[in-house]
Number of protein chains: 2
Amino acid sequence: MRNAEVSCQAMNLKQLSENLGLSQTTVSRALNGYPEVSESTRKRVELAAQQGNYRPNMRAMSLATGKAMTIGHIIPVATQSDVVNPVFAEFVAGASQTYSQFGYELMLRFAESKDEESTYRSIVAKHAVDGVIVHSPMREDSRLALLKEIGLPFVVHGRVCDTNEEYNWIDMNNRSAFKQATQLLIDLGHKNIALVNGQESLSFAWLRRLGFLDALHENGLTHNPSLMASDELTETHGYQTATKMLASDHAPSAFLVSSYVVALGVRHAISQAGLAIGKDISVIIHDDALSYFDNSGAVPQFTSTRSSVREAGILAAEMLLKQIDEPELYPQTKLLKSHLIMGSSTGPYRAQLSTLV
Amino acid sequence: MRNAEVSCQAMNLKQLSENLGLSQTTVSRALNGYPEVSESTRKRVELAAQQGNYRPNMRAMSLATGKAMTIGHIIPVATQSDVVNPVFAEFVAGASQTYSQFGYELMLRFAESKDEESTYRSIVAKHAVDGVIVHSPMREDSRLALLKEIGLPFVVHGRVCDTNEEYNWIDMNNRSAFKQATQLLIDLGHKNIALVNGQESLSFAWLRRLGFLDALHENGLTHNPSLMASDELTETHGYQTATKMLASDHAPSAFLVSSYVVALGVRHAISQAGLAIGKDISVIIHDDALSYFDNSGAVPQFTSTRSSVREAGILAAEMLLKQIDEPELYPQTKLLKSHLIMGSSTGPYRAQLSTLV
DNA sequence: GGAATTATCCAAAGCGCCTTGGATGTTCGA
DNA sequence: TCGAACATCCAAGGCGCTTTGGATAATTCC
């Protein structure tokens with residue numbers, strides 16, 4: 001498929017400088033904005049570079065400068081056929097905006113947890129990246145120590161609970177958001193509130209659980225373990241959990257759900273039980289603002305704690321690039337406040353049909 | 001954050017060969033499996049490399065060999081805040097398996113259509129990739145000609161309709177799958193069948209539309225334009241479309257839906273209308289087998305045409321790497337057959353409540 | 001006008017790897 | 001025992017870029 005035209009396409013410094021009758025040094029300096037070149041030659045060089053569609057060979061540039069101009073995203077998966085959290089794609093879409101703005105590329109990997117360590121060591125030894133984003137931090141997470149040992153700059157999307165170490169992170173206020181949401185349900189008169197959560201070995205889910213419990217306890221309510229479920233963020237998880245809970249003796253009158261996808265399963269279970277969301281049953285979800293699940297509008301479908309994951313991606317990337325540029329900034333942190341948005345899925349408590357029947 | 005330990009971590013060929021008392025040539029050859037080195041030294045070298053956690057500097061290697069050892073995925077988006085099709089993440093997760101198996105890295109970009117051309121030209125000029133996967137092909141798609149001109153190896157995930165040119169592609173049988181699904185609905189007695197489709201400027205949606213029409217026409221049915229909707233694959237699209245259609249005078253008794261996400265909206269609209277899926281209304285979806293929407297099990301929720309996007313990713317990547325390795329294979333093509341899977345969302349036609357009332 | 005700046009530009013080294021074209025030592029057949 | 005064939009290893013050049021340390025010409029200052 002490669003043909004003769006290719007050689008025209010891929011011009012290099014040497015050719016460019018020969019065409020211009022200048023040295024490689026001068027051309028390089030002209031293009032990189034060094035002062036030792038006159039404004040007139042700089043213009044001439046830039047024009048020629050543009051016309052020749054010249055871009056420095058990224059590999060050669062990296063070799064010479066020692067900078068990979070690439071950021072790695074290593075997505076942890078349990079197995080190769082594992083669930084891929086839809087949040088990651090949205091986050092990456094955001095981060096990628098920042099990267100292209102600053103001339104960086106994005107390298108993506110999926111790593112099973114068992115070879116996560118070797119993955120990190122490998123990409124560093126290969127000089128593949130200048131830094132990484134750590135996804136899906138766990139309550140305790142060995143990646144912190146590992147990355148510090150390797151000396152690879154990183155930003156965590158989320159936080160690690162069981163550590164006193166410092167590190168760069170960007171996170172939303174999981175705990176207070178879920179506390180606030182729970183409080184809203186309590187204020188509406190709900191007492192039997194179910195939490196349909198993500199895997200609580202992961203920080204975000206654990207913190208949401210804590211926030212949920214905070215609110216219950218502050219209001220003198222006891223939590224019911226059978227109304228607390230924790231699993232991967234799938235529709236099935238939501239459906240099966242809600243179905244089972246609704247059929248039980250102590251059916252909840254309200255659900256607090258950790259993601260939109262899960263809520264779709266919950267919604268389905270509720271309507272299959274012949275109940276109406278926002279009337280018989282209240283639901284609050286956490287809304288990551290995924291682009292294909294639109295929960296906005298004048299009156300959103302779901303009452304929700306909303307925090308844009310895409311924006312988090314943008315900001316995380318900015319933080320990382322800044323960290324790489326100015327190591328003395330370490331550590332940087334940023335807490336994003338979610339918004340509690342009233343939708344049509346919440347309403348005052350009322351005795352449920354099923355219990356009346 | 002980088003500290004003294006780093007230098008220990010990042011060993012290079014020179015150091016390694018000095019440690020071993022061998023030349024760089026020999027060490028390089030030993031590690032790359034050349035025959036000019038004795039088995040005993042090879043063992044010795046491999047051991048030392050492993051112990052020193054030596055990995056060749058990817059940038060230097062690329063420069064020397066001319067191979068980037070990287071594949072690019074350029075995801076087209078209308079605007080930076082655009083919907084990111086969930087299918088892409090799953091596809092990429094699959095492709096990534098193949099890449100890491102063969103020592104390749106995956107470079108990801110999101111490109112607005114207006115600067116798609118410059119994106120491709122740029123990554124080629126930069127020598128950033130050895131090939132690319134083309135996502136979301138359109139009915140007519142300028143990327144084909146562009147990539148051929150540039151001479152960059154590529155594989156299209158899907159097909160381009162309006163072209164006679166040859167190119168590498170991997171696709172599912174969109175047209176026949178949707179024809180088959182439509183036929184099933186017709187066989188069940190349905191005559192008013194709605195198609196809730198993706199954007200029909202995209203090939204996959206257009207082909208599904210054609211398949212849908214094929215079946216209608218073969219059975220002497222005329223299509224009703226008001227029962228054919230086409231938009232981005234969001235839940236909202238499904239919900240609003242189905243709500244409107246169900247409320248109209250010629251409400252459909254069956255829906256053919258282009259994705260699981262959209263179907264969730266359709267399902268919601270149906271249950272809000274007080275109708276039961278699989279009884280009052282039949283629904284067939286196309287199921288990309290996304291990991292967080294589980295539509296498997298003994299009796300899946302939705303009757304569906306299923307084709308795993310993740311597997312497509314694996315195979316597309318294999319095809320591309322093979323193409324890069326053996327250019328004479330051009331063009332390669334692969335058609336994946338989707339499976340029609342019976343779920344509980346379809347049933348024989350019966351007069352609808354709404355029309356009876 | 002001559003020395004000291006300043007403005008421009010260049011030659012060459014080096015980043016870490018692969019690879020060509022020998023060099024050296026070993027083994028084998030005659 | 002000697003040359004040929006082979007096995008084993010090495011020195012050095014080159015991939016395309018950045019960057020150091022001048023060189024040359026133009027300008028300024030006394």
Subject >> B:L13 CG - C:dC15 C1' separation (whole Å) >> reply: 13 Å
**OP:** Remember a base hit wins even if backbone is also touched, and classify B:S28 as base, sugar-phosphate or nothing at under 4.0 Å, heavy atoms.
**Re:** base
**OP:** Output yes when at least one side-chain N/O atom of A:N12 is less than 4.0 Å from OP1 or OP2 of D:dC15, else no.
**Re:** no
Subject >> OP1 or OP2 of C:dC15 under 4.0 Å from side-chain N/O of A:T65 >> reply: no
**OP:** Name the nucleic acid region contacted by A:T25, choosing base, sugar-phosphate or nothing; use a 4.0 angstrom heavy-atom cut-off, strictly under.
**Re:** base
**OP:** Grab the CZ-P distance between B:R59 and C:dC18 for me, whole Å please.
**Re:** 15 Å
Original post:
Whole Å only: how far is the CG atom of B:L22 from the P atom of D:dC10?
Top reply: 5 Å
Original post:
Just how far, in rounded Å, is P of D:dC17 from CE of A:M11?
Top reply: 11 Å
Original post:
Quick one: is B:Y34 getting a side-chain N or O under 4.0 Å of the C:dC18 phosphate, OP1 or OP2?
Top reply: no
Subject >> Phosphate-side-chain proximity, A:Y54 and D:dG16, N/O vs OP1/OP2 below 4.0 Å >> reply: no
Original post:
Across the strands shown, which category fits A:S62 at heavy-atom distances under 4.0 angstrom: base, sugar-phosphate, nothing?
Top reply: nothing
Original post:
What integer distance in Å separates B:M58:CE from C:dG16:P?
Top reply: 16 Å
**OP:** Please report, rounded to the nearest Å, how far the C1' atom of D:dC17 is from the CG atom of A:L16.
**Re:** 13 Å
**OP:** Indicate the atoms forming the closest heavy-atom contact of B:D325 with B:K67, along with that distance.
**Re:** OD1-NZ, 4.4 Å
Original post:
Does the side chain of A:S38 get closer than 4.0 angstrom to OP1 or OP2 of C:dC9 through an N or O atom?
Top reply: yes
Subject >> Residue whose nearest DNA chain D nucleotide is more 5′ - B:A64 or B:V27 >> reply: B:V27
Subject >> B:R310 backbone acceptor or donor facing B:E90 side chain under 3.5 Å >> reply: no
Original post:
Can you check the B:E36 CD to C:dT26 P distance for me, whole Å?
Top reply: 19 Å
Subject >> Length of the CG-P vector between A:L31 and C:dC9, whole Å >> reply: 13 Å
Original post:
Is the distance between the ring centroids of A:H73 and A:F88 under 6.0 Å?
Top reply: no
**OP:** Indicate yes or no for a side-chain donor-acceptor contact from B:R59 to the backbone of A:H127 under 3.5 Å, with no hydrogens or angles considered.
**Re:** yes
Original post:
Phosphate oxygens OP1/OP2 of C:dC15: is one of them under 4.0 Å from a side-chain N or O of B:N57?
Top reply: no
**OP:** Indicate whether OP1 or OP2 belonging to C:dC10 is found under 4.0 Å from a side-chain N or O atom of A:T26.
**Re:** yes
Subject >> Check: B:R42 side chain, B:Y34 main-chain N or O, donor-acceptor pair, under 3.5 Å >> reply: yes
Original post:
What pair of heavy atoms forms the shortest contact from A:L63 to B:A60, and how long is it?
Top reply: CD1-CB, 3.7 Å
**OP:** Tell me what A:R29 touches on the nucleic acid: a base, only sugar-phosphate, or nothing, going by heavy atoms under 4.0 Å.
**Re:** base
Original post:
Which comes earlier along DNA chain D counting from the 5' end, the contact point of A:K14 or that of B:V37, where each point is its nearest nucleotide?
Top reply: B:V37
